[in-house]
Amino acid sequence: MIPVGFILHLLLLASSFIAVIKGASVGKENELDLQSIYERYGRNPEDTWLSVLDESYSQGRYARWQQLSTNCGSTGVDVEQLLSDWFDDGMAVLMSEDGTTDPVEVAVAPPLVNEAQEKLRESNCTASVVAEDLEKLFFSTLSPVRVANPITETFLELQEIEKFIHDLVAKYPGQAQIKQIGETENGTAIHMVIIKPKPSRTVPLNGTVTPPVVFVDSGTHAREWLSVSTSLYAIQQLLEQPSSPARQVEWRIVPVVNPDGYAYSWNTNRLWRKNRKSGSGRCQGVDLNRNFDINFAGVGASSRPCSYQYCGPSAFSEPETRAVRDAILEVGSRLKGYMALHSYSQVILLPWAYKPDEHPNLSNMTAMGEGMVKEISKARGTVFGVYDTYKNFYPGSGISMDWASSIGIPYTMTLELHDKGEHGFLYPASKINDAVTEVWKGIEYFGQEIARQSREGYFLRK
Ligand SMILES: *[C@@H]1O[C@H](CO)[C@@H](O)[C@H](O)[C@H]1NC(C)=O
Ligand SMILES: *[C@@H]1O[C@H](CO)[C@@H](O)[C@H](O)[C@H]1NC(C)=O
Ligand SMILES: *[C@@H]1O[C@H](CO)[C@@H](O)[C@H](O)[C@H]1NC(C)=O
Ligand SMILES: *[C@@H]1O[C@H](CO)[C@@H](O)[C@H](O)[C@H]1NC(C)=O
Ligand SMILES: *[C@@H]1O[C@H](CO)[C@@H](O)[C@H](O)[C@H]1NC(C)=O
Ligand SMILES: [Zn+2]
């Protein structure tokens, strides 16, 4: 039995939410108009999905929200555009890494599901319900126990990540160090792990500065937890397996580029993507992977603050992207490889994303990508694709990979990790081990190739 006091408590909570919402909805432009949503869809104070405005109310936020898998084929329909009112109202959330590659997954609040399906079908898109209650799905993907190697069996919260990297690095003095490369608007530190090559293995760089460096970042999009697990596993392998051929180069790895967003995806909104930059209106956050200084605010980016692809007011307006920029520039000409880890789709994306022109080094980068794909597939046959991003995947502007290439880093890529949409961002903890161990083989190959090509003088040629 549920005690009466508890119900009373809930009612009190509910009424205080309504008071907060009412108070907040007066006057400001771009504000969620809950009153009109109540009027449009009918109001039930116990419907927790109405608590979208209340930041402290995490559990129940997505109770009974449904996940629709939509496919618009060749209709050219942009699902975000089609459902834009609801996206802006916070009543629908895009659950795909990009909104143009079929199928596009969307999360929709309970009263809108039928209408959303109808709207999509009218535009000749198909739409089917693939999850009936997202909140339940979130919890089913988490691992209940903390185990021997936590990073391959559970997702870690921000504080756990910090502890993990500090403890690990402390075990390898002289080989690894942690450097703060910036802090968020909220004052949260952004950390980079530097792992030196094994001295005996350092590549004689054939006339250029030594040693070569590979830069990796992850956790740029908050909800892409698997990208963080993958970085942490790479750090662990590099230090615990010093005979790895990847230890011939120096690694600089930023496991969580967007710590405020990452924490928010744990404590408030599992599907949060952007940073937590405060906005003037209702909508917060900037898509950090649209904020780099390359074709800023162009194709595949949005200037609407409510959009999941909002590029921000100007290039490098965000402390997180400035931190990554400065950490990259600081390395100088030793930097030979840049890899951005994201999820999901199981593809290796190559520049350019912002224009259809063929990159002058596309054939070399494709060869690198295919070598990685081969290594990744060895464990259990998992197939990653290799794509020229603009032409074969999706156009995007202000993307870190393109910016990194534009400043002359020879090999730059974006890895969209597991899976192909079966679980998407809600990748189950029980499968982290399979994913990170096989992708590590691809990352290791990347480092080994950079070392080989440095040694053979490839980077000296014009
Ligand atoms: C959907 O398809 C039908 C039949 O092919 C066509 O008549 C209609 O114009 C299409 N609707 C949209 C919005 O594209
Ligand atoms: C800012 O950081 C504090 C803890 O350091 C955290 O409790 C709070 O939620 C953070 N706020 C944002 C907007 O990330
Ligand atoms: C880079 O591409 C050029 C031209 O296709 C080729 O000759 C060269 O061998 C490639 N280098 C590497 C290291 O793949
Ligand atoms: C250095 O690179 C050149 C090609 O630029 C190559 O011929 C030479 O063998 C390399 N030296 C070493 C020590 O690998
Ligand atoms: C292509 O690769 C070569 C060899 O590393 C490098 O010197 C050159 O800068 C690269 N070009 C571009 C456009 O990245
Ligand atoms: Zn991403």
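All values below were derived from every heavy atom in this structure, side-chain atoms included, with hydrogens, water molecules and symmetry-related copies excluded. In each ligand, atom 1 is the first atom listed, and ligand 1 is the first ligand listed.
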Do the two ring centres, one from Phe292 and one from Phe316, sit under 6.0 Å apart?
-> yes
Quick one: are the ring centres of Tyr427 and Tyr344 less than 6.0 Å apart?
-> no
Would you confirm whether any non-hydrogen atom of the protein falls under 4.0 Å from atom 11 (N) of ligand 1?
-> yes
Which atoms of ligand 1 are found less than 4.0 Å from any heavy atom of Glu122?
-> 11 (N), 13 (C)
Checking distances from the Zn ion (ligand 6), one finds that the N, O or S atom of His221 closest to it is ND1
For Asn124, counting its heavy atoms only, list the atoms of ligand 1 lying under 4.0 Å from any of them.
-> 1 (C), 2 (O), 3 (C), 8 (C), 10 (C), 11 (N), 12 (C), 14 (O)
Is ligand 3 under 4.0 Å from a heavy atom in the side chain of Gln453, in the backbone, in both, or in neither?
-> side chain
Please determine, by modelled atom types, if Thr141 and His423 share a side-chain donor-acceptor pair under 3.5 angstrom.
-> no
Per-atom contacts of ligand 3 with Asn364, taking only distances under 4.0 Å to non-hydrogen atoms = 1 (C), 2 (O), 3 (C), 8 (C), 10 (C), 11 (N), 12 (C), 14 (O)
Report yes or no: is the cationic atom of Lys274 (NZ for Lys, CZ for Arg) under 6.0 Å from the centre of the six-membered ring of Tyr310, at an angle within 45° of the ring normal?
-> no
Please calculate the ND1(His342)-the Zn ion (ligand 6)-OE1(Glu224) angle and round it to 10 degrees.
-> 90°
His342-Phe425 aromatic ring centre distance below 6.0 Å | no
Of all N/O/S atoms in Glu97, which lies nearest to the Zn ion (ligand 6)?
-> OE2
Within 4.0 Å of some non-hydrogen atom of Ser363, the atoms of ligand 3 are 2 (O), 5 (O)
Might you point out which heavy atoms bring Ala323 and Gly182 nearest each other, and give the distance in Å?
-> CB-CA, 4.0 Å
